[in-house]
Amino acid sequence: MRELPPRARAYFWAVCALAGAVLVGSGFALRDATAADLAQVAILLLLLGAVNSFSTRTSADITVSIGFIVCLASVVLLGPSGAAIVAAAGGTTGPLLYKRVFNSAQYVLASWMSAIGWALVLGAARLGNQPEWRVLVAASFATVVFCLVNSLLVACIISLTTSISVARVWSGTLSWGTFTYLGYGLLGVLMAQLYRNVGPATSILFLAPLLVARRAFANYAELRNAYDGTVSALVQAVETKDYYTRGHSERVARVTEMVAREWGMREDRVQVIKIAGMLHDVGKLGVPTRVLQKQGKLSQLEFEAIKIHPLRGFEMLSEIDFLSEAISGVYHHHERMDGRGYPLGLVGEEIPEFARIIMVADAFDSMTSTRAYRQAKSVADAVIELRRCQGDQFDENVVDCLVAGIDKHGWSPHPEDFFGEQVDRDGRPMVQAAAAGAEGVREED
């Protein structure tokens, strides 16, 4: 938990304290519960613990559990107090103790609020006495409340940890599962109906559809991992061939990500442009190795061979569907605002937004990296050079965003340093915690 910033730790304890208060109140409310009600609580607790063992990791930072289906069943069967008690078992997933505690706290609060929403729609009348349309409205409302509370609690702690706005975290990281969660959440209501009408044996029968739900999330995770593996393999191939720029793609991607956030780009698009930054030089696989590794000045013929690499990158990526949005950045990252770039000589805003950001990130890393044929510039000198070329070569707004990002976060070429020796644009050392959950080419020198 030490890696969390102070404000994120304060938020963590506030959420846990609120959930603890709900659990204490729920415990008192259940003192007069019947043996049948307590048996329902025990059965649902066991079932929630079982389905949480089916959780699926969708990324390095996010694990998806289908336990929310059982939580929504407890909302219908047990009311706010019982639902909160059952939801306390929702934190059995996660690699770290404090994450499991937070998972439990968010489940408790989401289930409790969802049960209140269910009761507001249906009132005190028994479920069996309600018309079907009203039950459907109540189920939908309770599911929406659960999803909103749960995702908001997660988005807030990610935002406090990474300094990314809550809206961007939600749109880029959590929004993909919203409709899936809503659809599967209604399974919880159906599960409660069968439990009430048929008996506890239906809990075992419901393991089958829960496993189907888990398989859907697992398929998403596998697809995402395949995407990441494709990108990593392409980058590794480029850097094996052009060893003078080892690490360049990763650094350009990191700068691109920083600039895109300062630009105000939505978080889902930030992730796409980060991939584009990572792959911007993939076309160098089509450039002769002797040209890439030449230490002296390039001849005109060799320079023409280098200039073809954006087209080669476009050709290589055009058949990969999930990279379609990144291709424009790869193809046009050597254009210039004055129209004297390549491959098409586009002018100003004719150049795609992704490309305008990548060209600045590319040049910045090129200038601040040591190569065999010259020493690296300081961050301050690189910023001066970018400023000098604003309007002619680079988009002025993009350069402003880069400078603002460096002023705010500093810059370190080594992302693995949690507390690294970073410097601002004037070359002064900065100490900054790396965010949880978050990469020029030779002919430009």
Side-chain angles (χ1 to χ4, degrees), residues 15-56 63-95 97-119 127 139 142-143 145-147 149-150 153 181 184-211 213-214 217:
V15 170
C16 291
L18 184 57
V22 169
L23 286 174
V24 170
S26 299
F28 279 109
L30 290 179
R31 286 184 302 175
D32 299 325
T34 65
D37 289 336
L38 294 177
Q40 284 186 348
V41 171
I43 291 171
L44 290 169
L45 276 169
L46 291 173
L47 185 60
L48 180 57
V51 299
N52 272 340
S53 65
F54 304 146
S55 60
T56 300
T63 299
V64 173
S65 169
I66 56 176
F68 71 96
I69 299 176
V70 180
C71 288
L72 284 166
S74 69
V75 163
V76 176
L77 292 169
L78 304 174
S81 297
I85 296 294
V86 170
T92 56
T93 61
L97 177 61
Y98 80 87
K99 290 186 177 181
R100 294 197 295 270
V101 171
F102 186 81
N103 288 344
S104 291
Q106 72 189 51
Y107 265 58
V108 167
L109 294 176
S111 297
W112 185 67
M113 291 296 294
S114 177
I116 292 175
W118 170 269
L127 179 62
T143 305
V145 170
F146 185 97
C147 292
V149 173
N150 191 58
L153 291 171
Y181 265 92
Y184 286 130
L186 295 177
L187 277 177
V189 180
L190 177 59
M191 177 181 176
Q193 284 277 47
L194 291 176
Y195 186 105
R196 186 185 297 272
N197 295 331
V198 180
T202 56
S203 299
I204 299 175
L205 298 177
F206 245 88
L207 286 175
L210 291 181
L211 287 172
R214 186 263 184 191
F217 286 119

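Basis for what follows: all heavy atoms, side chains included, without hydrogens, waters or symmetry-related copies.
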State which residues pass side chain to side chain contact (heavy atoms under 4.5 Å, CB included) with L45; sequence neighbours excluded, sorted by chain then number.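 Here the qualifying residues are V41, V86, A89.
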
List for me each residue that meets side chain to side chain contact (heavy atoms under 4.5 Å, CB included) alongside A83, sequence neighbours excluded, and say none if there are none.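 A83 satisfies side chain to side chain contact (heavy atoms under 4.5 Å, CB included) with S74, V75, S111, A115 once adjacent residues are dropped.
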
In Å and rounded to the nearest 0.5 Å, what is the [atom1] to [atom2] distance from [X] to [Y]?
X: S26; Y: W112; atom1: OG; atom2: CH2; value: 8.0 Å
X: L77; Y: I43; atom1: CG; atom2: CD1; value: 10.0 Å
X: L18; Y: L23; atom1: CG; atom2: CG; value: 10.0 Å

Looking at every non-hydrogen atom in both residues, tell me the closest pair between [X] and [Y] and how far apart they are.
X: V15; Y: L153; result: CG2-CD2, 4.1 Å
X: S114; Y: T143; result: OG-N, 4.4 Å
X: L30; Y: G82; result: CD1-CA, 4.2 Å
X: L72; Y: A142; result: CD2-O, 4.1 Å
X: V22; Y: A84; result: CG1-CB, 3.9 Å

With no hydrogens and no angle check, is any side-chain donor or acceptor of N150 less than 3.5 Å from a backbone partner on F146?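 Checking the backbone N and O of F146 against the side chain of N150, no donor-acceptor pair under 3.5 Å is found.
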
